[in-house]
Amino acid sequence: MKDIPMKDIKEMTYNEAVAELEGILRMMQGDQCDIDRLASLTRRATEIITECRARLTATDEELRAILANLENPQ
């Protein structure tokens, strides 16, 4: 079974994070998923999801502020 690179999540681009999540999902769904690695794969996926959610929220807030500024310039 191919190992997933363990790059620091904060250093990953959003696309890299999503690609790693997809790889983890494929591993977990595959016939060769080692039960001994299941907890660590789940932990890593949870960390990536948390970071992606934080980035999406921050981007959403930033875009809302930009658009609000366009509608109501000061």
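Counting from 1, the numbers follow the sequence of the chain as shown.
- Enclosure of atom CG in D8 by more than 12 non-hydrogen atoms of other residues, nucleotides or ligands within 6.0 angstrom is indicated.
- T42 pairs by the side-chain contact (heavy atoms from CB on, under 4.5 Å) definition with M28, L38, T46, not counting sequence neighbours.
- Annotation for C33 and L41: closest pair SG-CD1, 4.2 Å, computed over non-hydrogen atoms.
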Does the side chain to side chain contact (heavy atoms under 4.5 Å, CB included) test come out yes or no for E20 and R44, once each step is laid out? CA-CA 9 Å; E20 185 171 334; R44 177 70 174 180; 2.6 Å; yes

Residues I9, T50; criterion side chain to side chain contact (heavy atoms under 4.5 Å, CB included); working and verdict: CA-CA 10 Å; I9 297 168; T50 300; over 6 Å; no

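- Taking a 4.5 Å side-chain heavy-atom cut-off between Ile, Leu, Val, Met, Phe, Trp and Tyr, the cluster of I66 contains only that residue.
- Remark: T13 OG1 to K7 NZ distance equals 6.5 Å, nearest 0.5 Å.
- By the 4.5 Å side-chain criterion applied to Ile, Leu, Val, Met, Phe, Trp and Tyr, L56 is assigned to a cluster that also includes Y14, V18.
- Screening residues 64-74 for salt bridge (charged side-chain N to carboxylate O under 4.0 Å, His left out) gives D60-R64 as the qualifying pairs, with residues at least two apart or on separate chains.
- Taken together through direct or relayed side-chain contacts under 4.5 Å among Ile, Leu, Val, Met, Phe, Trp and Tyr, L25 and M12 form parts of separate hydrophobic clusters.
- By the side chain to side chain donor-acceptor pair (under 3.5 Å) test, E51 is found to be paired with K10, R55, residues two or more places apart in sequence or in another chain being considered.
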